[in-house]
Amino acid sequence: MSEGADKDLVQAARDAREHAYAPYSGFQVGSALRARSGRIFTGCNVENSSYGLTICSERVALSKAVSEGESEFDAIVVCAPGAPAPCGACRQVLYEFSPELVVFLVDPQKDAVGRVSLKQLLPSAFDGSSLSSTC
Ligand code: THU
């Protein structure tokens, strides 16, 4: 599977955003994560009245994918107003599985697709190898 953001992946993120449960922030986010197998998993943000329990769209998509047996990913599209990059928590969680992930950013109202690597978003990442150092 190539690292491009094909139209299907972008559309899947746009469609997933329609399911966002965001009554508190009003900020709807959709994601579409592509496994190396080619399968696509979508997610939306799911908020809660206990705000800290909110789950971002990216982690919803990732959890769905991992729970269905996927653990290697090549691309994610995130769709939200202003085409923001994933939050820090999502960067870390995505990095756990695919440091080489390519992140595409789209605004629901625009055609343009931004592109950035996860390593650009999370330089000097903490990962499993960091745990091998002990004192
Ligand atoms: N949100 C995401 O879904 N992904 C991110 O990477 C950043 C933020 C959601 C969480 C919350 O429901 C809303 O956007 C406002 O923070």
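All heavy atoms count here, side chains included; hydrogens, waters and symmetry mates do not. Note that ligands are numbered from 1 as they come in the structure, with each ligand's atoms numbered from 1 the same way. What you see is a predicted model; the values in this text were computed from it and never measured.
Listed here is the closest heavy atom pair of Asp74 and Ala35: OD1-O, 4.4 Å.
Other residues, nucleotides and ligands contribute at most 12 non-hydrogen atoms within 6.0 Å of the CD atom of Gln109.
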* **Ser98/Glu72 under side-chain hydrogen bond (donor to acceptor under 3.5 Å, both in side chains): CA gap, chis, key distance, verdict** => CA-CA 6 Å; Ser98 294; Glu72 294 181 14; over 6 Å; no
* To do: Please test Asn48 against Ser50 for side-chain hydrogen bond (donor to acceptor under 3.5 Å, both in side chains), starting from the C-alpha separation and ending with a verdict.
  => CA-CA 5 Å; Asn48 192 275; Ser50 179; 4.6 Å; no
* Apply the test salt bridge (charged side-chain N to carboxylate O under 4.0 Å, His left out) to residues Arg91 and Glu58: give CA-CA distance (whole Å), side-chain angles for both, the deciding distance (0.1 Å), then the verdict. => CA-CA 9 Å; Arg91 295 177 196 193; Glu58 299 93 321; over 6 Å; no
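The contact set between ligand 1 and Val29, taken as ligand atoms under 4.0 Å from a residue heavy atom, comprises 1 (N), 2 (C), 3 (O), 9 (C), 14 (O). Remark: ligand 1 atoms within the under-4.0 Å shell around heavy atoms of Pro86 are 6 (O). Within the listing of ligand 1, atoms 13 (C), 15 (C) sit less than 4.0 angstrom from a heavy atom of Ser25. The ligand atoms of ligand 1 that sit less than 4.0 angstrom from a heavy atom of Cys87 are 5 (C), 6 (O), 7 (C).
Between Tyr24 and Tyr51, the ring-plane angle classifies as tilted under the 30° and 60° cut-offs.
Under a hydrophobic-cluster definition in which Ile, Leu, Val, Met, Phe, Trp and Tyr are linked whenever side-chain heavy atoms come within less than 4.5 Å, directly or via other members, Leu122 and Leu105 are assigned to the same cluster.
Where the criterion is an N or O separation shorter than 3.5 Å, residue side chain and backbone included, Cys90 fails it with respect to ligand 1. The distance criterion of under 3.5 Å between nitrogen or oxygen atoms is not met by Thr54 with respect to ligand 1.
No salt bridge links Glu70 with Lys64; every basic N to acidic carboxylate O contact stays at or beyond 4.0 Å.
The nearest heavy-atom contact from the protein to atom 3 (O) of ligand 1 is Ser57 N, 3.0 Å. Among all non-hydrogen protein atoms, the one lying nearest atom 6 (O) of ligand 1 is Glu58 OE2, 2.7 Å. Taking atom 1 (N) of ligand 1 as the reference point, the nearest protein heavy-atom neighbour is Cys56 SG, 3.6 Å. The nearest protein atom to atom 11 (C) of ligand 1, hydrogens excluded, is given as Glu47 OE2, 3.3 Å; this is a heavy-atom distance. The protein heavy atom nearest to atom 9 (C) of ligand 1 is Asn45 ND2, 3.6 Å.
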